[in-house]
**Student:** 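This is the structure I have questions about; it appears just below.
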Amino acid sequence: MNNEPRQNPYEVLGIEKDADARAIKKAYFERVRQNPPETHPEEFRRLREAYELLSDPEARQAFDASAAQQADGPAAAGNAHLQEAINLFEAGDKDGGRKVLTTLLTEQPDFHDARLLLGRHFLFEGEFQQALAEFDALLARAPDHWQGHLQRGWALIRLERLKEAADAFWRAGKHGPTEVGPRVALADCLEAMGQVADSLKVLAQAQSLPGISRMDVLALKVRRIATMLEYGQEADAAKELERLDAELPEDADPELRRWAGGQLTAAAAHLFAQQKSQGANRLLAFGRRFNPESATEVAYPTRVTVEVDALPAVTREWLHSEAERIGGWRVLTTWVMPAIFTLICATAICFLLAFIYLGTAERGVWEWLACAVVSALGFGAMCFQARYLLRVMASPYGRFNTIHPLHLIQVAIDRITVWPLVHLQDLKLVEHQNNGVYQHTNIQLRFNDQRMVMAVRGKEKAESLAQELIARRRRVLELLGRGMLDAESGVEHLPPALLAGADKKGHVRAPNAPSPWPGMFAAAGIGVLLVGGAVWPQTRSSAEHAWMRVAARADLGSLLEYLREHPDPRFAPQLQARVDAELGKARTRLEARLDPGSAAAPSRAFFTGLLDAVSRTHSRRVTVTYQAQEGARTPQDDPSELLVSVWQRAVDEALGQGVLVVDGGRGSQREGPPLMTLHVREEVQAGSPSSQRIWSVKQEGLDLPVEPLELVADVADPRASEVLFHAWVDRWHLPGAGDRRPLLLTASTLVQEARP
């Protein structure tokens with residue numbers, strides 16, 4: 001226990017007893033600068049205790065009353081016992097302090113300060129009913145005691161009897177007509193009851209109290225502004241802030257302006273505690289006008305990413321000591337995983353280049369563009385990953401999380417992410433298990449509308465870290481509300497003003513830091529150039545591979561396809577010679593089958609022209625199209641497929657199989673464009689005594705010795721199609737001329753063929 005006698009706070013701070021709040025705060029900070037906690041811990045403790053006592057109006061008033069009554073006189077003995085009880089309470093001897101006060105009140109039941117102290121002690125210890133009983137006993141003997149009504153109201157607040165508490169605060173204001181405290185307490189109570197408008201009205205009326213100081217008026221105005229911001233009345237709050245700014249121009253008393261800034265900071269701390277971060281930051285930013293010298297009374301962004309090179313030397317030293325303490329840079333995965341990813345990127349690039357350079361498939365323009373894009377992305381990614389690996393290897397910090405007096409900090413290689421604890425609104429612990437075996441605990445934190453997760457191994461470690469975060473946030477808000485945050489040990493390790501310089505995306509970049517983009521673009525350009533350099537050799541290689549494949553197959557269709565699609569001058573003469581050799585064999589078969597004595601001999605010039613066209617155009621496709629008169633035929637009577645079959649048989653009889661390919665206009669693109677197209681158009685003419693079917697035949701595509709035809713047959717003849725095609729064969733001297741064997745194999749001819 002601390003049995004050290006209580007020191008006079010005025011003497012500790014070196015101020016007069018009538019000093020106002022501005023003078024108290026100024027004296028405190030001057031002495032803290034002379035006695036920092038790192039080198040003068042005991043002196044700092046005494047300064048802090050003195051400041052906290054004198055910053056609390058009620059505690060200061062009680063101390064002043066106690067000190068005044070300790071003079072010589074009839075009440076000297078009672079005051080000595082009162083001071084004895086205070087000393088016992090401060091030393092932690094609750095029972096001893098209560099016993100002294102109880103004995104004192106038994107002897108002097110009208111010693112109101114002793115009963116007030118005992119009631120406040122019960123209130124502080126959470127024994128609200130006992131506190132209420134003491135305050136009721138005080139008011140029974142002194143109904144006009146305004147402090148008794150005020151403390152009774154606080155006890156009723158703790159017992160959640162808000163309506164009665166509001167009445168007690170009102171009576172305290174009635175019996176203390178010049179006191180500000182009862183009005184503020186009444187406004188708080190009305191606000192808790194949801195009567196915000198009445199609360200604002202009470203605060204406005206309190207500004208007109210007789211004899212009220214200018215500082216109290218300013219404090220009440222700041223309180224009204226904070227209430228407006230808390231309940232979404234931003235427009236009214238903005239007007240009040242402008243009035244406050246006009247009331248304290250730049251040429252006003254500097255100490256008064258700094259004091260007003262401190263009041264705005266205290267109101268901001270209250271808003272932070274109510275999770276109203278936007279309004280709190282607005283007050284802090286506005287208060288910055290009044291107190292620009294403060295290092296901590298600044299608007300706090302929700303999250304800021306700061307490059308290590310942008311940090312001052314003291315911050316980098318602190319981070320290095322934290323890395324040593326936590327062992328962040330000793331984690332193996334800090335550099336192993338980036339190295340593995342860099343190796344993977346390099347391997348992927350090698351495989352990509354091997355595919356591009358050694359591939360044998362022919363590539364078109366779009367395929368080469370796709371290769372260039374993939375190569376550019378791959379080289380850019382490899383450059384990024386390699387640069388990241390170099391950053392990891394050069395970083396003295398590694399990866400770890402640590403708690404600054406004001407922030408939660410995530411250190412990642414050469415940048416840190418700062419989460420100001422004033423914005424912390426929610427914290428959850430989620431345990432992760434695998435098959436019932438504990439793995440780790442996730443600490444899920446919410447800072448305004450942003451979330452972050454920390455994975456911690458060990459339940460106790462996670463719980464301890466969570467408790468530390470909660471306690472640290474509570475302390476930050478407490479110190480911010482009292483204007484003592486500047487004196488907190490360790491604040492200088494990360495200046496809040498540095499965070500305020502973040503851009504719109506929440507980044508603080510190092511001055512003159514090289515941008516990674518030029519290197520990535522250069523790497524991407526190298527990837528594109530390598531792909532461009534592969535076009536010519538890969539094209540030659542694919543052409544050689546295609547030539548070898550065609551040379552191995554040696555069929556006419558493959559030879560013609562290669563000559564159409566790959567007119568490579570290195571291999572074209574050889575292939576053309578092989579094509580001409582194959583066509584020469586077809587000419588030999590043509591001369592053997594269409595000898596001068598046959599009926600089809602005149603068509604030798606027709607087929608010879610086809611073979612010449614194949615050699616010239618490298619296409620062997622013949623197309624036969626059929627068009628019937630609209631409404632004259634049904635799909636079942638369509639002879640187009642039969643015509644294609646008959647023509648294929650005709651050219652095979654003349655030239656041999658595999659020389660020409662006949663289709664109906666929907667042939668394979670592998671055979672190329674049509675060499676020749678035969679158009680057959682059918683019409684039906686009604687007449688007497690019978691109707692006639694007419695085929696109009698013409699060829700398109702080649703200059704051949706054949707004439708357009710107009711063939712006629714009787715509609716009623718079931719073998720009309722056969723008759724028409726035989727007429728076509730006879731007129732063009734095709735194979736089959738003079739031979740009346742069935743050619744189209746229609747239903748009627750099939751029946752005839754089946755007869756014995």
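These numbers were taken from a predicted model, which means no experiment stands behind them.
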**Student:** Do side-chain atoms of Arg446 reach the backbone of Asp426 as a donor and acceptor pair under 3.5 angstrom?
**Tutor:**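 No, because the side chain of Arg446 does not come within donor-acceptor range (under 3.5 Å) of the backbone of Asp426.
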
**Student:** Does this structure show an ion pair linking Lys698 with Glu707, if we count only N-O contacts that are shorter than 4.0 Å?
**Tutor:**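 Judged by the 4.0 Å cut-off on N to carboxylate O distance, Lys698 and Glu707 do not form a salt bridge.
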
**Student:** Show every ring-ring contact (aromatic ring centres under 6.0 Å, His included) that has at least one partner inside residues 427-452, sequence neighbours left out.
**Tutor:**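 The answer is Trp419-Phe447, His432-His440.
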
**Student:** If I compare all heavy atoms of Leu675 with all of Ala613, which pair ends up nearest, and what's the gap?
**Tutor:**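 What the structure gives for the nearest pair is CD1-CB, 3.3 Å.
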
**Student:** Checking Asp595 side chain against Ser598 main chain: does a donor-acceptor pair fall under 3.5 Å?
**Tutor:**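 It does hold such a pair.
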
**Student:** Holding to side chain to side chain contact (heavy atoms under 4.5 Å, CB included), I want the full list of residues that pass it with Glu683, two or more places apart in sequence or in another chain.
**Tutor:**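 With neighbours one apart ignored, the set is Gln629, Arg681, Gln685.
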
**Student:** Just to verify, what does Ser615 make a side chain to side chain contact (heavy atoms under 4.5 Å, CB included) with, not counting sequence neighbours?
**Tutor:**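 With neighbours one apart ignored, the set is Gln576, Asp580, Leu583.
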
**Student:** What residues, two or more places apart in sequence or in another chain, satisfy ring-ring contact (aromatic ring centres under 6.0 Å, His included) together with Phe606?
**Tutor:**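 So Phe606 forms a ring-ring contact (aromatic ring centres under 6.0 Å, His included) with Trp732.
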
**Student:** Distance only, no hydrogens: is a donor on one side chain within 3.5 Å (strictly under) of an acceptor on the other, for Thr302 and His423?
**Tutor:**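 Note: Thr302 and His423 side chains miss the donor-acceptor criterion.
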
**Student:** Could you list the donor-acceptor pairs under 3.5 angstrom formed by side chains in residues 531-538, with sequence neighbours left out?
**Tutor:**
| from | atom 1 | to | atom 2 | distance (Å) |
| --- | --- | --- | --- | --- |
| Gln538 | OE1 | Arg363 | NH1 | 3.4 |
| Gln538 | NE2 | Gly359 | O | 2.7 |
| Gln538 | NE2 | Ala361 | O | 3.0 |

**Student:** Is there a donor-acceptor pair under 3.5 Å between the side chain of Glu682 and the backbone N or O of Trp695?
**Tutor:**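 Pair absent, no side-chain N/O of Glu682 close to backbone of Trp695.
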
**Student:** In chain order, what residues pass the side chain to side chain contact (heavy atoms under 4.5 Å, CB included) check against Asp652, with sequence neighbours excluded?
**Tutor:**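 With sequence neighbours excluded, Asp652 shows a side chain to side chain contact (heavy atoms under 4.5 Å, CB included) to Gln648, Gln657, given in chain and number order.
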
